[in-house]
Amino acid sequence: MAASPVDVRTITITLPDGSERTFEEGVTGYDIAADIAMGLARNALAVKVDGEVWDLHRPIHDDAEVAILTWDDKEGKQTFWHSAAHLMAEALEELYPGVKFGIGPPIDRGFYYDVDLGDRTISQDDLGAIEKKMKELAKRDVPYERQEVPKDEAISYFEEKGDEYKLELIEDLEDGEITFYEQGNFVDLCRGPHLPTTGDIKYPKLLNVAGAYWRGDENRTQLTRIYGIAFPKKKELDEFLERLELARQRDHRKLGRELGLFTFSKEVGPGLPMWLPKGTTLRETLSKFLKDEQLKRGYQQVITPHIGRLELYRTSGHYPYYKESQFPPMLFSEEDGQEDGYLLRPMNCPHHTQIFAAQHHSYRDLPVRLAEFGTVYRFEQSGELGGLTRVRGFTQDDAHIFCTPDQVKGEFKDVIDLTLTVLSALDFTEFKAQISLRDPENMEKYVGDDALWSQAEQDIREATEEMGLDAVEVPGEAAFYGPKLDFMVEDALGREWQLGTIQVDYNLPERFDLTYVDASDERQRPVMIHRAPFGSMERFTGVLIEHCGGNFPTWLAPEQVRVLPIGSDFNDYASSVCDQLRAAGLRAEVDASDETVGYKIREAETQKIPYMLVVGEREVDAGTVAVRQHGKGQQDVLSVNVFINRIQMEIDEEMGR
RNA sequence: GCCGACGUAGCUCAGUGGUAGAGCAGCUCUCUCGUAAAGAGCAGGUCAGCGGUUCAAAUCCGCUCGUCGGCUCCA
């Protein structure tokens, strides 16, 4: 950098490790990276300056804390993908002249751009051509150039281009903060930052097209959203595509069919899953596990009907307020002309309030914990249905805890403990926990006493801390009736699903006028806590199937052992082995078909049955079984009793007993 | 609900205007078998449904239903 000796000013750059270096004013992130190591400069994608991500070649004028961002940093990837989105936009403009652009941000995995193609449409089949054009453009290797533009100039540029979306975006910006980025023939309104050049985006991959409303508003134009991803190295793209393929293999809809777990029928109706015998075994095993845990914790099991009078839901506030997401009510008119009828229940809680209300409660009785695997029905929009994760009829592993405000924290701790016990038994180690709090800007939209809310929010915070749970707090996400704690996991395709939930409710006890009598003989309002560690049996099972790829732990496997006689001469022995297994409480079957052993094994392996017991003459003579474990080949020859002991020990261990 | 794609045998898929195909699964027979597919034969379809264009439609057009990818919503 040439600078005259007179006006050189130096600035101090602090690196992430705390070390300081001195540079001339106007130094760039690239220069700093090069000063540290040439290798770093080569891999640098952007630079973080005082917590803000900048272009690598943007001059730094003041003392700053600086971190060089590479592919290994989230912000580095985001910059890369953001630039890839611009490259795709340039390709689209070449292929579809006159296309208008909405927004094109990076997302967790890749990027998208929302575009208005006028009368033209784009389908999956067109993506290859766009991708090809992107590669072609990337080869030109031109820089992404940042320009600060006055507002009126920005407006006239997009007026001339006729892009009303960009104009609308500019409207909302202040003069002086508007920047354009230009690469080759493409100019876009953009905050940035971007990569130094297009040439780094060597391996783009466009994934799918979808409709998306402009600014997420369904009353406005629907744009075409194109999703893509890009990588600097071929190896990374290949790995990504491989993961995608693996995810497809794990899709619970595919495995559910192959393993005979559940099915759907057009006749029964969309979004109404039916559990096949094996899926039912799986679900009931899960339910029993949870029920047993709950009994240890003082829950009481209840059973309530699947429908209720409209009046129940008028009192609870669910009807007609949430009418669009309910199946239409079964109506009849009473003699006095009053409309009355029944509703398929969208929730279990109104019924449970009536169980609580059926008896007088002393403070000594609290907390009352009413549990039910309650089936509910919600009329989800048709476009939202999918597999077991979004359905119209599902069973919540529900319970409602009626307690005093002082007991909220203790109950939360117990439910967190229960949830963690359950998740760990199912080998879920990757999940997120989120505490949803009131929106400090809109405090009036919440029901219930302000002091109670504050106390409950603090109780949840402390409960999570004391249980060693790492939770993120999100203000504004609370329901109108109370704060909550949610557990979220990702499915095989990286989509995030809410599973377990714990919610405080000040609303229903009020609406149903629920009371208990305190120590001074005063009637008091209990707090209600809704909680479901799995969320719904359907969604949870769907996510579980993907989580383990259909290879269920032995305790959950619908069929735990299959006995395979080598020939029909050994069918009787196989049956007697099977009987012994069943007598020991194991789920076992015999494959007495006229097939070869090889065939029977292949069949059992594809069905992902944990144990196969091959029996022939040697086993009959010795009273043993030849044990083969799923995915591991033959292991041991054991006596039937020893095998039973082993598998039972394994099951106990899996269930955390 | 909206945008886009798709719908052929139980499953996976071929078939672009001229008599509906394959592999696997199923059934029958033969083989009685030692760790991931024995052999032969048979059966199986209103090409999602309805309507239209045409001498002729799985194929072209329209509507309906369903599925998939998103958007939106989720007490």
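Residue numbers begin at 1 in each chain, while the letters A, B, ... track the order of the sequences.
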> Is the A:Phe643-A:Tyr611 ring centre distance short of 6.0 angstrom?
Replying inline: yes
> Atom CD of A:Gln434 to atom C1' of B:C74: distance rounded to whole Å?
Replying inline: 14 Å
> Do A:Ser325 and B:A75 have a side chain to base donor-acceptor pair shorter than 3.5 Å?
Replying inline: yes
>> Without decimals, in angstroms, what is the distance between A:His252 NE2 and B:C68 C1'?
In response: 12 Å
> If you find the nucleotide of RNA chain B closest to A:Pro346 and the one closest to A:Val627, which residue's nucleotide is nearer the 5' end?
Replying inline: A:Val627
> Which is true for A:Gly598 with a 4.0 Å heavy-atom rule: it touches a base, it touches only sugar-phosphate, or it touches nothing?
Replying inline: sugar-phosphate
>> Just by distance, no angles: are the side chains of A:Thr375 and A:Arg345 close enough, under 3.5 Å, to form a donor-acceptor pair?
In response: no
> Between B:C71, B:A75, B:G34, which nucleotide gets closest to the side-chain atoms of A:Tyr227?
Replying inline: B:C71
> Say you pick atom P in B:G69 and the same atom in B:A75; how far apart are they, in whole Å?
Replying inline: 23 Å
> Between B:C11 atom P and A:Phe264 atom CZ, what is the distance in whole Å?
Replying inline: 15 Å
> How close or far is atom C1' of B:U35 from atom CD of A:Glu619, stated in whole angstroms?
Replying inline: 11 Å
> Distance between the C1' atoms of B:G23 and B:U59, in whole angstroms?
Replying inline: 24 Å
> Can you tell me how far P of B:A36 sits from CZ of A:Arg602, to the nearest Å?
Replying inline: 11 Å
>> Could you check whether the side chain of A:Tyr213 and the base of B:G1 have a donor-acceptor pair of N or O atoms closer than 3.5 Å, going by distance alone?
In response: yes
> Which whole number of Å gives the distance between the C1' atom of B:A57 and that of B:G15?
Replying inline: 14 Å
>> Just to be sure I understand the rule, does A:Gly482 reach a base, reach only the sugar-phosphate, or reach nothing, if contact means heavy atoms closer than 4.0 Å?
In response: nothing
>> Check this for me: does the side-chain of A:Arg390 come within 3.5 Å of the base of B:C74 through a donor and an acceptor?
In response: yes
> Can you tell if the side chain of A:Phe402 reaches within under 4.5 Å of the side chain of A:Arg369, non-hydrogen atoms only?
Replying inline: no
> How far does the P atom of B:G66 sit from the matching atom of B:C13, given to the nearest Å?
Replying inline: 22 Å
> Which whole-number value in Å describes the distance from A:Gln381 CD to B:C71 C1'?
Replying inline: 10 Å
>> Nearest whole Å is fine: how far is B:G39 C1' from A:Asp594 CG?
In response: 13 Å
>> Regarding B:G1, can its base be found pairing with the side chain of A:Glu380 as donor and acceptor, where the two atoms are less than 3.5 Å apart?
In response: no
>> Among B:U32, B:U35, B:A48, which nucleotide has an atom closest to any side-chain atom of A:Ala626?
In response: B:U35
> So, A:Tyr599 and B:A37: ring centres less than 5.5 Å apart, planes less than 30° off, yes or no?
Replying inline: no
>> Is a donor from one side chain sitting under 3.5 angstrom from an acceptor on the other, for A:Gln607 and A:Glu603?
In response: no
> Which whole-number value in Å describes the distance from A:Met612 CE to B:A36 P?
Replying inline: 10 Å
> Given the P atoms of B:C63 and B:C2, what is the spacing between them in whole Å?
Replying inline: 12 Å
> What interatomic distance, in whole Å, is found between P of B:A9 and the corresponding atom of B:C31?
Replying inline: 36 Å
> B:G70 and B:G17: how far apart are their P atoms, nearest whole angstrom?
Replying inline: 34 Å
>> OP1 or OP2 of B:U12 versus the side-chain N and O atoms of A:Arg257: is any pair under 4.0 Å?
In response: yes
> Looking only at atom C1', what distance separates B:U8 and B:G44, rounded to whole Å?
Replying inline: 14 Å
>> If only side-chain N and O atoms count, and only distance matters, is there a donor-acceptor pair under 3.5 Å linking A:Tyr481 with A:Gln503?
In response: yes
> Distance under 6.0 Å and angle within 45° of the ring axis: does A:Arg392 meet both against A:Phe379?
Replying inline: yes
